[in-house]
Amino acid sequence: MKRALVSVSDKTGIIEFAKGLIAAGYEVISTGGTFKVLQEAQVPVIAIDEVTHFPEMLDGRVKTLHPNIHGGLLAKRDEPTHMAALAAHDIQTIDLVCVNLYPFKETIQKPGITEAKAVEQIDIGGPSMVRSAAKNFKSVYVVVDQQDYAQVLEHVVDEGQAAVDYRRYLAAKAFRHTAAYDSLIAGYLTEAVGIEFPEKLTRSYDFKQALRYGENAHQKAAFYQSSLPTAFSIASAVQLHGKELSYNNIKDADAAVKVVAEFSEPCVVAMKHMNPCGVGLGATIYEAWQKAYAADPVSIFGGIIALNREVDVQTAEELHSLFLEIIIAPSYTPEALAILEKKKNLRVMTLDFEAAKQADRFEMVSVLGGLLVQERDRVTDQASELKVVTDKTPTADEQAAMLFAQRVVKHVKSNAIVVATKDQTLGIGAGQMNRVGSVKIAIEQAEANGLKAPFVLASDAFFPMDDSVEYAAEHGVTAVIQPGGSIKDQDSIDMANQKGISMVTTGRRHFKH
């Protein structure tokens with residue numbers, strides 16, 4: 001008779017699965033809590049210590065770590081010396097292992113969990129059995145996912161090539177399962193000892209959804225979520241309405257909410273192709289929306305809108321009048337949601353903006369054959385850090401406008417320029433190969449939208465020449481904020497003095513590539 005060893009932390013569906021195995025000619029061995037559940041359900045079951053002839057010990061830490069278990073799992077059925085060894089030691093083969101592991105992930109996600117409690121949820125015997133069974137997949141089924149129970153029961157009666165192929169599939173899944181489990185443990189302990197850049201980076205992600213395609217229609221793509229989800233992420237956002245997100249939608253929405261997270265006051269961001277095209281602040285979310293829209297009513301077409309306050313009817317009506325891809329906010333009034341849902345394809349989402357401060361500290365970017373990891377740029381430049389380098393000192397309004405523009409410029413692709421007032425972007429120049437090109441785009445955009453000077457200008461990095469300052473001053477810029485640090489800084493300062501505008505430096509650049 002074939003044998004199955006069943007030992008699961010999550011008991012969902014295990015009674016029916018065990019009954020199905022017995023019906024297929026298996027006898028079932030079990031441990032601890034699983035044994036009790038099966039026994040109470042009157043499922044014929046063999047206690048683990050009847051196989052090991054050794055009692056569970058150390059509060060259950062040791063129960064399956066025994067040659068009678070691992071010998072029965074690892075023996076090659078077609079290797080005579082292996083089978084002779086089993087016979088010599090009176091060990092029976094085990095043909096199926098069904099294990100799901102101690103709930104380490106669920107434990108560390110609970111508030112106030114001590115390290116001692118977390119460590120107790122590190123499974124040892126479970127992963128050992130899973131790995132043994134998976135290694136010997138030519139003869140042993142390994143089941144780690146409840147979703148596979150029904151299909152496994154269909155296969156256990158077939159010992160042909162199809163069964164071997166299926167066991168290989170289960171083995172691959174099992175090793176992914178234990179690798180993900182170990183990565184969570186490694187991450188937890190690595191964080192506990194304060195290592196920021198370990199010699200081995202182990203991160204685990206769970207499949208969230210298939211995507212129709214990637215950046216372009218000929219590219220395959222999928223969306224994965226961190227195995228330890230963070231509340232402030234597009235992966236944790238809830239979609240209330242509209243068609244499925246695309247690859248580009250996800251990237252743009254991610255970029256949009258990062259900008260909104262810079263501000264505590266009512267804020268609206270319009271995002272297009274990973275760059276903000278309009279950012280507005282206001283006393284109300286409707287006022288902030290009006291300013292964001294006015295910043296660039298052309299580029300907003302087909303864009304993503306992120307708002308950090310509940311969407312009301314007045315705002316929803318104007319949003320509904322435009323072609324937009326996504327609207328994402330903390331909440332919507334029922335009436336506002338009803339208005340937005342009139343557009344079949346418009347994606348309407350909610351996100352917990354209150355959780356922004358707990359967002360991931362590090363960000364990762366893939367390159368061919370590698371991964372770049374860095375701290376997110378979470379620095380906000382403060383008024384006390386500004387150094388006035390020109391004869392003219394900025395006014396209080398100009399200083400407020402510069403600090404606002406500086407918080408936006410962090411999220412614009414370099415070379416990045418933002419012209420703004422204290423509560424509204426007026427023009428944004430992004431991703432140009434020379435800085436003066438970005439300056440011209442930003443100012444021309446403001447002028448094209450009928451947004452008149454005066455305004456201030458923020459630059460993500462220093463000016464290598466004085467041409468940017470000259471152009472800006474001649475087109476309505478009255479104050480400039482930039483990091484400084486160029487060997488030609490004095491040329492730009494002299495040009496600002498010549499044109500009668502103020503300039504401050506921060507000593508800190510905000511490149512975004």
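Each residue takes its place number in the sequence, starting with 1. Values below: all heavy atoms of this structure, side chains included; hydrogens, waters and symmetry mates excluded.
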Is there a donor-acceptor contact under 3.5 Å from the side chain of [X] to the main chain of [Y]?
X	Y	answer
Arg347	Gln239	no
Asn434	Gly437	yes
Asn497	Asp391	yes
Thr505	Gly507	no
Lys344	Lys342	no
Lys272	Ser299	yes
Thr107	Ala118	no
Ser183	Ala180	yes

Does a side-chain N-to-carboxylate-O contact under 4.0 Å join [X] and [Y]?
X	Y	answer
Lys173	Asp148	yes
Asp377	Lys512	no
Glu287	Lys291	yes

Could you give the distance from [atom1] ([X]) to [atom2] ([Y]), rounded to the nearest 0.5 Å?
X	Y	atom1	atom2	result
Ile487	Phe462	CD1	CZ	8.0 Å
Asp466	Gln498	CG	CD	8.5 Å
Ile443	Leu457	CD1	CG	6.0 Å
Glu385	Leu403	CD	CG	9.5 Å
Ser264	Phe353	OG	CZ	13.5 Å
His320	Glu318	NE2	CD	13.0 Å

Would you please say whether a donor-acceptor pair under 3.5 Å links the side chains of [X] and [Y]?
X	Y	answer
Ser227	Asp206	yes
Ser246	Asn248	no
Asp312	Thr315	yes

Is there side-chain contact between [X] and [Y], with at least one heavy-atom pair below 4.5 Å?
X	Y	answer
His475	Glu444	no
Glu262	Lys410	yes
Val268	Tyr293	no
Ile124	Tyr102	no
Leu324	Leu346	yes

So does [X] have more than 12 non-hydrogen atoms from other groups sitting under 6.0 Å from [atom1]?
X	atom1	answer
Lys135	NZ	no
Arg131	CZ	no
Glu191	CD	no
Glu244	CD	no
Glu115	CD	no
Lys105	NZ	yes
Met465	CE	no

Any idea how Phe104 and Tyr188 line up, ring-wise: parallel (<30°), tilted (30 to 60°), or perpendicular (>60°)?
->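 Taking Tyr188 first and then Phe104, their aromatic rings stand perpendicular (interplane angle over 60°).
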
In terms of the angle between their ring planes, are Phe511 and His513 parallel, tilted or perpendicular, with boundaries placed at 30° and 60°?
->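 Plane angle between 30° and 60°, so tilted.
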
Go through the steps for Gln225 and Ser236 under the test side-chain hydrogen bond (donor to acceptor under 3.5 Å, both in side chains), then give the verdict.
-> CA-CA 8 Å; Gln225 181 174 19; Ser236 295; 3.2 Å; yes

Could you please spell out the steps behind the side chain to side chain contact (heavy atoms under 4.5 Å, CB included) verdict for Tyr286 and Gln290?
-> CA-CA 6 Å; Tyr286 178 69; Gln290 287 182 306; 3.2 Å; yes

Verdict with reasoning, Val388 to Leu386, per side chain to side chain contact (heavy atoms under 4.5 Å, CB included) | CA-CA 6 Å; Val388 180; Leu386 304 183; 6.0 Å; no

Tell me, please, which residues at least two apart from [X] pass salt bridge (charged side-chain N to carboxylate O under 4.0 Å, His left out).
X	result
Glu310	none
Asp460	Arg435
Lys343	none

Considering all heavy atoms of both residues, which atom of [X] and which atom of [Y] are nearest to each other, and what is their separation?
X	Y	value
Ser459	Val409	C-CG2, 4.3 Å
Ala446	Val419	CB-CG2, 4.3 Å
Ala496	Thr390	CB-CG2, 3.7 Å

Can you sort out the partners of Asn275 under side chain to side chain donor-acceptor pair (under 3.5 Å), two or more places apart, ordered by chain and number?
->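 If we apply the side chain to side chain donor-acceptor pair (under 3.5 Å) test to Asn275, skipping adjacent residues, there are no hits.
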
Does the pair Glu354 and Asp352 meet the rule for a side chain to side chain contact (heavy atoms under 4.5 Å, CB included), with working shown?
-> CA-CA 5 Å; Glu354 293 296 321; Asp352 181 8; 3.3 Å; yes

Which residue pairs pass the ring pair (Phe, Tyr, Trp, His ring centres under 6.0 Å) test with at least one member in residues 237-283, sequence neighbours excluded?
->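 Applying ring pair (Phe, Tyr, Trp, His ring centres under 6.0 Å) to every pair that reaches into residues 237-283, excluding sequence neighbours, yields Phe263-Phe404.
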
Scan residues 422-441 for pairs that pass ring pair (Phe, Tyr, Trp, His ring centres under 6.0 Å), counting only residues two or more places apart or in two chains.
->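 Qualifying pairs, neighbours excluded: none.
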
Does the pair Asp10 and Thr12 meet the rule for a side-chain hydrogen bond (donor to acceptor under 3.5 Å, both in side chains), with working shown?
-> CA-CA 6 Å; Asp10 184 344; Thr12 305; 2.7 Å; yes

List the steps, then state whether side chain to side chain contact (heavy atoms under 4.5 Å, CB included) holds for Lys208 with Tyr224.
-> CA-CA 5 Å; Lys208 184 173 176 67; Tyr224 286 79; 5.9 Å; no

